[in-house]
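Written out below as structure tokens is the structure these notes cover.
Numbered from 1 within each chain, the chains take letters A, B, ... in sequence-line order. Given the structure is predicted, the values throughout are model-derived calculations rather than measurements.
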Amino acid sequence: MRIRLKIVAVAAALAATAVMTGSAFAQGAWPARNVTIIVPYSAGGATDILARKVAEELTGELGRTFIVDNRPGAGATLGTTLAAQARPDGYTLFLGQVSSHGIAPNLYTTLQYDAVEDFEPIVMLESIPNLVVVNNDLPVTTLDELIEYARENPGALNFASSGTGASTHLSGEMFKSRTDTEMTHIPFPGSAQAVTAVMSGETQVTFDNMPSAYPHVRSGNMRALAVTSAERSPAAPDVPTVAEASTVVDLSGFEAASWFALFAPSGTPQEVITAVNEATNRILEKPSMIEFMRDGGGTPGGGTPQDLADHVTAELAKWGQVIEEAGVPKQ
Amino acid sequence: MDLWSNIALGFGVAFQPTNLLFAFIGALLGTLIGVLPGIGPTATMALLLPMTFGLPVEASVIMLAGIYYGAQYGGSTTAILLNLPGETSSVVTVLDGHQMARQGRAGSALAIAALGSLFAGSIATLFLAAFAAPMASVALSFQSPEYTSLILFGLLVSVVLASGSVLKSIAMVVLGVAIGVIGVDITTGQFRFTFGMIELADGIDFVPLAMGIFGIAEIVRNLENRGTLHATVEKISRLWPTGDDFHRSWPAVLRGTGLGSLLGVLPGGGATLSSFASYSLEKKVNADPSRFGKGAVEGVAGPESANNAAAQTSFIPLLTLGLPTNAVMALLVGAFIIQGVQPGPMMLQQQPNLFWGLIASMWIGNLMLVVINLPLIGVWVRLLSIRYDFLFPAILMFCAIGAYSLNNSAFDIFVMIGFGLVGYLFMKLGCEPAPLLLGFVLGPMLEENVRRAMLLSRGDPMIFLERPISLTILVALALTLAAMLLPALRRRRKEAFVEEEA
């Protein structure tokens with residue numbers, strides 16, 4: 001009910017703006033006015049910072065202000081629902097990620113959006129690997145040793161995550177099922193707490209996002225065993241990939257990354273999709289952008305809308321299988 | 001000595017004209033948003049974050065930090081004058097501060113709060129400079145069993161905190177815990193008590209809850225007895241605290257500063273715990289605890305010093321471990337990252353200018369805040385003489401803006417209104433809302449930590465007794481409980497209540 005009211009209000013506001021800017025609209029070219037990017041997380045977080053950086057660059061490329069609209073709540077599903085129901089007029093975009101377009105559709109049965117049907121993929125922005133890190137006192141220095149330690153001491157290891165159903169949790173579950181080992185999952189309310197738990201020895205392992213975990217590795221407070229991406233991260237070229245680091249088990253093709261991409265509500269004009277895709281591809285080649293992402297451990301995205309569509313399909317299938325095998329309860 | 005040369009380096013950075021200017025802007029903005037009920041530092045800092053893209057890193061962090069501790073000052077202003085706590089940490093200031101205002105002693109309450117905060121802020125900053133590194137390791141030795149014991153202790157203290165019936169305050173704690181568990185259960189990921197509403201998935205937010213239960217309820221109650229309103233306003237005679245106020249306050253300020261500096265370091269709710277703890281400590285050590293809740297100046301001086309001290313020392317986990325302990329600190333991490341600085345263990349070596357400059361700017365900022373605030377006390381107090389016909393709609397509007405700006409969602413406004421009505425009902429029933437808020441904040445933390453400890457021990461409850469820190473806290477808890485139940489003390493407590501009811 002309330003959501004419907006809100007949509008009516010938003011639609012009315014949009015209609016009013018459309019009337020006011022009618023003359024500009026009639027002259028043709030998009031964007032005739034400011035464009036909103038819905039970000040389903042609060043201001044100041046990693047997703048928000050990326051969105052603001054991209055919005056700033058898009059403003060420069062396309063000549064109209066791109067505004068970040070933070071709609072946090074319900075593990076990103078609230079903002080995603082709002083974006084799915086927004087008017088597809090080219091003036092609302094959405095910053096989707098592994099949670100909204102990879103994990104949540106497999107985890108919630110009551111979701112009010114369809115990750116494939118309700119969205120037009122535009123372009124991949126960035127991909128950030130998770131890092132397999134262990135407490136300094138754990139007698140393992142390589143991924144192989146971790147697997148062997150887990151096998152020799154069944155039930156001894158705990159792995160921390162930033163919450164049940166988060167990518168940090170499911171990466172761990174994927175690792176457990178691929179290596180056939182046993183570790184107890186200990187959920188924390190966020191990444192910072194999960195990292196603290198590994199540093200203090202409360203838990204021994206975590207599969208945390210690179211930007212929050214890597215500084216502690218560099219300062220010697222934790223030990224990194226591998227990155228969960230297919231290729232090594234440019235920010236930590238000396239850390240091997242999971243596939244490279246394991247010889248006792250075949251982990252080829254193991255990939256569990258956080259990714260961020262631009263989407264639009266389904267039905268958005270094709271020329272808008274094309275324009276944003278081309279502008280973003282230009283932005284992602286700028287040295288300042290590459291450096292910004294590398295500092296955070298990420299790899300710039302890019303490519304066509306079809307590339308992103310294929311990626312979403314693959315992610316939905318992969319996380320669906322992990323959730324199935326790990327027996328994470330759906331709701 | 002090393003510490004002094006570092007501090008000298010810090011002042012060199014902080015005294016650069018640009019940085020002075022931005023410290024001033026931050027302190028001023030912080031005071032303003034603190035005074036406006038409901039508009040918190042988190043929303044303001046989020047809005048200003050893009051502006052800091054173009055600033056040098058020192059200036060931007062100094063300004064954002066200024067907003068944070070500035071809001072702590074401003075927040076006590078509305079708590080005292082309007083019974084509106086904007087932050088968890090100013091909830092207890094309401095209890096005695098607003099009573100003082102109703103007795104015409106608003107000026108004293110504001111001045112004591114400002115001076116106590118200045119003292120606490122300066123000492124805690126020195127503490128931060130000297131002990132940042134060792135304190136960080138203390139924070140690391142607090143794991144789920146230790147948290148469980150500490151929170152249990154806090155909940156027991158909340159029963160001591162209430163001045164009314166023990167049964168009622170226990171009922172309020174339980175109700176607070178029940179409201180607190182709404183939302184996603186982090187251990188299993190299940191939704192609890194959300195009734196299919198997606199807005200409830202993250203639970204009820206603290207700000208609309210507190211604004212409703214204290215602020216809106218107070219407005220409704222005031223509207224009920226309009227005739228008596230003018231009497232309180234005319235009684236305002238002096239702005240400066242009396243000698244007696246100073247005499248009573250300074251030991252409370254000292255205790256609050258010590259408590260706040262220590263508890264502020266703990267990740268998660270340190271500032272809140274410290275103001276609640278300081279209030280109950282003052283009530284415990286005072287010769288006449290029955291004065292509390294009726295305008296005791298110690299009840300303002302202690303918690304206000306404690307929360308300001310904790311606000312400074314909560315930078316310790318951020319600056320030394322790179323761990324944000326609350327939403328504001330998480331925003332600061334964002335600001336650092338935008339500037340290409342990773343807060344954490346490396347910062348002290350890689351960015352000494354930034355680290356020590358920020359610390360020095362806190363001293364300067366705290367001083368600026370008192371300079372901004374003291375002359376304004378007269379202005380704030382005159383707020384009380386504005387006709388309520390004008391004041392109430394304005395307060396309601398700012399509350400609504402504040403609630404909305406949390407998540408850009410109208411849902412929080414309805415939550416605030418709902419709790420306003422609930423709060424009015426509590427007043428009528430003689431139930432104190434402070435224990436409810438403590439239950440609301442601590443209940444979910446307790447559940448989370450108990451369950452985590454049990455997961456880690458594979459179901460063995462001995463984990464709480466095997467660890468020395470946890471055991472010590474539990475023993476202290478048992479002793480306090482025994483002391484409360486001892487006949488002699490129980491009689492004294494009863495007498496206190498009889499006095500109160502008389």
Side-chain angles (χ1 to χ4, degrees), chain A residues 2-3 5-6 9 42-46 48-49 52-53 55-56 68-75 77-78 81 107 110 112 155 158 163-166 169 184-190 192-193 195-197 199-203 211-212 214-216 218-221 291-292 295-296 328-329 331, chain B residues 42-43 45-47 49-50 53 137 139-144 183-191 194 196-202 267-268 317 321-325 327-335 337-338 340 342-347 349 407-411 414 448 452 455-456 458:
Chain A
R2 202 175 32 261
I3 287 180
L5 271 179
K6 204 182 282 172
S42 5
D48 178 66
I49 291 170
R52 284 177 197 274
K53 195 84 186 165
E56 196 190 353
V68 170
D69 184 12
N70 299 97
R71 297 286 181 162
T77 62
L78 190 64
T81 306
L107 208 53
T110 54
Q112 293 172 44
N158 300 303
T164 300
H169 167 210
T184 306
H185 172 227
I186 311 283
F188 285 81
Q193 291 93 331
V195 168
T196 318
M199 276 171 19
S200 73
E202 185 169 14
T203 65
S212 49
Y214 194 56
H216 302 294
R218 275 200 303 182
S219 65
N221 289 322
E291 195 187 337
F292 168 78
D295 285 349
V328 180
Q331 44 197 304
Chain B
T42 321
M45 289 166 66
L47 288 173
L49 205 55
F53 286 172
S137 63
L140 273 187
S141 66
F142 263 74
Q143 298 177 1
S144 43
V184 176
D185 168 20
I186 72 147
T187 315
T188 62
Q190 298 288 326
F191 290 137
T194 56
M197 294 169 77
I198 193 171
E199 288 88 349
L200 282 177
D202 288 332
L321 299 172
L323 301 170
T325 56
V328 172
M329 292 297 143
L331 261 171
L332 273 176
V333 172
I337 290 175
I338 284 175
Q342 180 69 45
M346 313 290 285
M347 210 174 111
Q349 294 130 43
N407 293 319
N408 291 347
S409 145
F411 181 75
F414 293 113
E448 190 191 312
R452 186 176 304 136
L455 269 176
L456 287 166
R458 307 290 186 265

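- By the side-chain contact (heavy atoms from CB on, under 4.5 Å) test, A:E202 is found to be paired with A:F188, A:A197, A:S200, B:Q143, B:S144, B:R452, B:L456, residues two or more places apart in sequence or in another chain being considered.
- A:H185 approaches B:L455 most closely through the heavy-atom pair O-CD1, 3.9 Å.
- Residue contact with chain B, scored on non-hydrogen atoms closer than 4.5 Å, is absent for A:H169.
- Between A:G155 and B:R458, the shortest heavy-atom contact is O-NH2, 2.8 Å.
- Residues that satisfy the side-chain contact (heavy atoms from CB on, under 4.5 Å) test with B:T194, not counting sequence neighbours, are B:F191, B:L200.
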